[in-house]
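So the structure is just underneath, and the comments pick up after that.
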Number of protein chains: 2
Amino acid sequence: MRKSKRERQRLLQETIRENPFITDEELAEKFSVSVQTIRLDRLELSIPELRERIKNVARQSFADKVRALPLEEVIGDIIDIEPDASAISIFDVKEEHVFRRTRIARGHHLFAQANSLAVAVIHDELALTAKAAIRFVRQVKEGERVVAKAKVTGKTAHGRTIVEVNSYVGQELVFSGTFEMYRSNIEKKDGDSHEYRG
Amino acid sequence: MRKSKRERQRLLQETIRENPFITDEELAEKFSVSVQTIRLDRLELSIPELRERIKNVARQSFADKVRALPLEEVIGDIIDIEPDASAISIFDVKEEHVFRRTRIARGHHLFAQANSLAVAVIHDELALTAKAAIRFVRQVKEGERVVAKAKVTGKTAHGRTIVEVNSYVGQELVFSGTFEMYRSNIEKKDGDSHEYRG
DNA sequence: TCCGATTTTATGACTAGGTACTAAAAGTAA
DNA sequence: TTACTTTTAGTACCTAGTCATAAAATCGGA
């Protein structure tokens, strides 16, 4: 049976919200009305046409992606750095970093912050983590700000650089790690961004 | 000056990758050639038209939205598990896991896979990583499939469980880690998912 | 049952951003 | 100059629409 205008428009909104990729023709078939009726409905409800809807979805995800990618190159914001000596970064634990149930930060984010910082402190073209020994001292909860402090403490016989990273929430130590870093020994150019493996 | 065909096509690919929302007309203007030339270029490079590109971006974000959250609870797909004994997971290294320049996987993804697996293998309500010693044996590139194998190897004096995780690409060892896991000693209920800190 | 209003459908002209195809013009190397 | 590549132009056609006009169908009320 054909529904009333009101009911049809309500369902139309819902249908499009669930699947923005549906054409007017498909909608017309679904509701057993003409394409023109669907267009009138969209006009009344201020629902843009298919192509505009798709563009909106795409734009949103694209904005997210450009924001996400550069951010992920280094986890945490580096706020101070003395090449080959020390560095500090901060990382705010948000919803996307914690477990839904416990609201405790997933460990790999803390690891990633520390690891990124260990890479960044190395004043070299290429810095790679070779080994790491880490300790999760206490849980970090959503909303907390983690401050990671890296210090270059020495070298191994193989020419690798040892970096100690301690992360704090306030005065409390939450994470601690020792990173053994491989380095290419090619001086880093100004403005060139670091990359790392490991 | 107008570039050679090769160079133009290289830049074209880059331009579209960076901004899929650009029309042929805008591209023609940018490269000082006719719209037809741009279309020939796209044909040769198998780059779909604007609308298709936008649709792809939209589709991806639409799919991601449903997939992203539950997937992140455990990094990698667990394909086999024997509680408190061993477990295996696979993780396909995709674009979002690597550095743009080198196409080498970011270390924290390998760490996350291993760590998730170490947590999953523990047959307990609550499993937390207390310590870990890890080694990145060789780089992992985009497109490679990493198979992580976890084995429970012993216990410490404090009742912590030791889990060894080795990750391979084919026969090659790429990552190796020893995880010391804290456990609540409350038996895990069936169907209940694990959570972990650290 | 007829009236008037609402609702639905049809039709035509136009749009962006293309595809597919043909053909000609321009540039380039031997 | 010839032969080939590359670029440009033009036409017909496509989808998924917009906008405007008009006619047909449906419905409630006196």
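Since this is a predicted model, take the numbers as computed values, not measurements. By convention in this document, chain letters (A, B, ...) are assigned in the order of the sequence lines, proteins followed by strands, and residues within each chain are numbered from 1.
The phosphate of D/dT8 has OP1 or OP2 within less than 4.0 Å of a side-chain N or O from B/Thr37. Remark: A/Arg53 is not in phosphate contact with D/dA16, judged by side-chain N or O atoms under 4.0 Å from OP1 or OP2.
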Problem set entry | Full working for side chain to side chain contact (heavy atoms under 4.5 Å, CB included) between B/Thr178 and B/Val163 | CA-CA 6 Å; B/Thr178 304; B/Val163 181; over 6 Å; no

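Within 4.0 Å (heavy atoms only), B/Arg42 reaches sugar-phosphate atoms of the nucleic acid but no base atom. Looking at heavy-atom distances under 4.0 Å, B/Gln36 makes contact with a base.
A straight line from CD of B/Glu7 to P of D/dT7 spans 13 Å, rounded to a whole angstrom. Between the CG atom of B/Asp24 and the C1' atom of D/dT8 there is a distance of 15 Å, given to the nearest Å. Atom pair A/Leu43:CG and D/dG17:P shows a separation of 13 Å (rounding to whole Å applied). Between the CZ atom of B/Phe31 and the C1' atom of D/dT8 there is a distance of 18 Å, rounded to whole Å. Following rounding to the nearest Å, B/Arg6 (CZ) and D/dT5 (C1') show an atom-to-atom distance of 14 Å. For A/Ile38 and C/dT9, the CD1 to C1' distance is 12 Å, given to the nearest whole Å. Here the C1' atom of nucleotide D/dT15 and the CG atom of B/Leu50 are 14 Å apart, to the nearest Å. Protein atom NZ of A/Lys55 is 15 Å distant from nucleotide atom P of D/dA16, rounded to whole Å.
For B/Lys149 and B/Tyr168, the positive end sits near the middle of the six-membered ring, less than 6.0 Å away and at most 45° from its axis. A cation-pi geometry, defined here as NZ or CZ lying under 6.0 Å from the six-membered ring centre and within 45° of its normal, does not hold between B/Lys131 and B/Phe179.
Considering only side-chain atoms of B/Glu49, the nucleotide from C/dG18, D/dT18, D/dT8 that sits closest is C/dG18. Relative to the side chain of B/Thr23, the nucleotides D/dT8, C/dG17, C/dT8 differ in distance, and C/dG17 lies closest. When each of C/dT9, D/dT7, D/dT18 is scored by its nearest atom to the side-chain atoms of B/Arg8, the top-ranked nucleotide is D/dT7.
Positionally, the nearest nucleotide of DNA chain D for B/Asp41 lies more toward the 5' end than for the other of A/Arg39 and B/Asp41.
Residues B/Tyr182 and B/His158 place their aromatic rings such that the two centres sit no closer than 6.0 Å.
Within the 3.5 Å criterion, the main-chain N or O of A/Leu11 finds a donor-acceptor partner in the side chain of A/Thr15.
In terms of polar N and O atoms assigned as donor or acceptor, the side chain of B/Arg51 never comes within less than 3.5 Å of the base of C/dG18 in a complementary pairing.
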